Amino acid sequence: MDGFPDRDAHLALDAQDPLAHLRDRFLMPGRLLYLDGNSLGPLPKETPGAVEAAVRDQWGRDLISSWTAHDWIGLPLRAGRTLAPLIGAAPDSVVFADSTSVNLFKCAAAALAERPGGALVATKGDFPTDLHILQGLSGLTGAPLRLVDEADLDGALDGAAALVLTHVHYRTGRVRDMAALSALARARGALSVWDLSHSAGAIRVALDRDGADMAVGCGYKFLNGGPGAPAYLYVAQGRLAGFRSPLSGWLGHADPFGFEDRFTPAPDIRRGLCGTPAILSLTALQAGLGLFDGIDMAEVEAKARRLTALFIRGVDARLRGHGFSLQSPREDDRRGAQVSLAHPDGYAIVQALIEAGMVGDFRAPDTVRFGFSPLCTRYVDVHDAVERLDEVMRTEAWRAPRHGRRRAVT
Ligand SMILES: *Cc1c(COP(=O)(O)O)cnc(C)c1O
């Protein structure tokens, strides 16, 4: 007895799991242990049919009339309405458009437009594209960019226009206190911009309640929208009138088909749109979002915590002496749906695990990351993942030279 429950105990947890039926709504390859739903959510069974219908019946048969006949034009907003309750947002405060990177640019630039002369503030080590976008925006506008440790945020917010933070940290899985940090930004006269890529669809998010000003996030991770799925953008209702996207494309116009020379922003959240929406991708995304229909996010969050807590227990019990150290918080309520372990040979270990049929990912320089997407991960998967990791370490399978060669995507 080493403190990690046996396989039958994990199967018993699955038998009691109120979300267990959702697993069956994904097409998962047979014996694969897929612990990477936080990077690319798996394929919902509904998606191929929905995309095929949009291609054959809508595009193929109804051609351009589909923009109104099938309400393609309303799809970015409809998808936003589907997502809104999952992230604690009022129905018409969310719209799908572009990528997370582009939406972050829009939001941070909108904050600069409202707070001219202000600085952009973010934390060191946050998700690269977020920092890179801010760097580009800073170069374009001359707004200073302050990259600080989280402990130094308070001082850095003097004269700030925007505080840009990820809600769940991609590397550690740590959850930030959205209410406290949004309030801190507001007290310093700055607008808060939250990136929900690693929290939406995995844990509870309460944008309106927690006083976030703006938010963005990704459609292809826990929302299972498919590779390169459109991203979303949220603007708090009280902030919408002041929100000006710098990418003032025609679909953000109050009357796109009025064909006016001058740009007038749409009165609603559609002012966050830029160009023509990617209808086929949005169709796949809607199918992914459909899996959350009728699902209580409190239950999703509770399952994420139990799955990750069990995995940590397994690592503690079975993998001592193999050089791993836990990078994710031990406190359940401070952790998203992932567990990160630091290991100096992390890259090769992840490659060896993939060869053994267990997919996690590696984040340089030394993070081995496992995602436990609550909709598609079973408790028994946690058990088997600990066993497989234990085996790869005991047999030293990861030492094979082929596992050391870097690929373009890790
Ligand atoms: C995945 C992720 C992104 C992705 O941005 P793209 O524009 O879709 O490439 C952005 N931010 C965070 C925090 C992410 O985890």
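Quick caveat: nothing in here was measured; it's all calculated off a predicted structure. We count ligands from 1, going down the list as the structure has it; atoms in each ligand are counted the same way.
- Under the 4.5 Å side-chain criterion, counting only non-hydrogen atoms from C-beta, Q16 is not in contact with Y379.
- Taking distance alone, with nitrogen or oxygen atoms compared against 3.5 Å, T129 stays at or beyond that limit from ligand 1.
- Residue contacts with ligand 1, taken as heavy atom pairs separated by less than 4.0 Å, involve F127 solely via side-chain atoms from C-beta onward.
- In this structure, the separation between CG on L13 and NZ on K303 is 10.0 Å, given to the nearest 0.5 Å.
- Interface atoms of ligand 1 facing Y220, defined by a heavy-atom separation under 4.0 Å, are 1 (C), 4 (C), 5 (O), 6 (P), 8 (O), 9 (O).
- If you number the atoms of ligand 1 from 1 as listed, the ones under 4.0 Å from a heavy atom of S99 come out as 7 (O).
- When heavy-atom distances to ligand 1 are checked against a 4.0 Å cut-off, S197 comes that close only through its side chain, counted from C-beta outward.
- Taking any N or O of K221, backbone or side chain, at least one lies under 3.5 Å from an N or O belonging to ligand 1.
- In this structure, H198 and F127 have tilted ring planes: the angle between them lies in the 30° to 60° band.
- For the pair A352 and W398, the tightest heavy-atom approach, listed with the atom from each and the gap, is CB-CA, 3.5 Å.
- Annotation: side chain of L40 is in contact with side chain of Y34 (closest heavy-atom distance under 4.5 Å).
- Remark: minimum distance from atom 5 (O) of ligand 1 to any protein heavy atom is reached at T100 CB, 3.5 Å.
- Proximity of D195 to ligand 1, defined as any heavy-atom pair under 4.0 Å, is confined to the side chain (atoms from C-beta onward).
- With sequence neighbours left out, D14 forms a side chain to side chain donor-acceptor pair (under 3.5 Å) with no residue at all.
- If you check which protein heavy atom lies closest to atom 7 (O) of ligand 1, you get S101 OG, 2.6 Å.
- Not one N or O of T166 is nearer than 3.5 Å to an N or O of ligand 1, by distance alone.
- Of all the atoms in ligand 1, the ones that sit under 4.0 Å from a non-hydrogen atom of H198 are 15 (O).
- Residue contacts with ligand 1 for D130 involve side-chain atoms from C-beta outward but no N, CA, C or O (heavy atoms, distance under 4.0 Å).
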List the atom pairs, donor and acceptor, that lie under 3.5 Å between side-chain atoms in residues 275-297 and the rest of the protein, sequence neighbours left out.
unit_1 : atom_1 : unit_2 : atom_2 : d
T283   : OG1    : I279   : O      : 2.7
Q286   : OE1    : T82    : OG1    : 3.3
D296   : OD1    : A298   : N      : 2.9

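- Two residues are said to be in side-chain contact when any heavy atoms from C-beta on lie closer than 4.5 Å; R78 and F96 fail this criterion.
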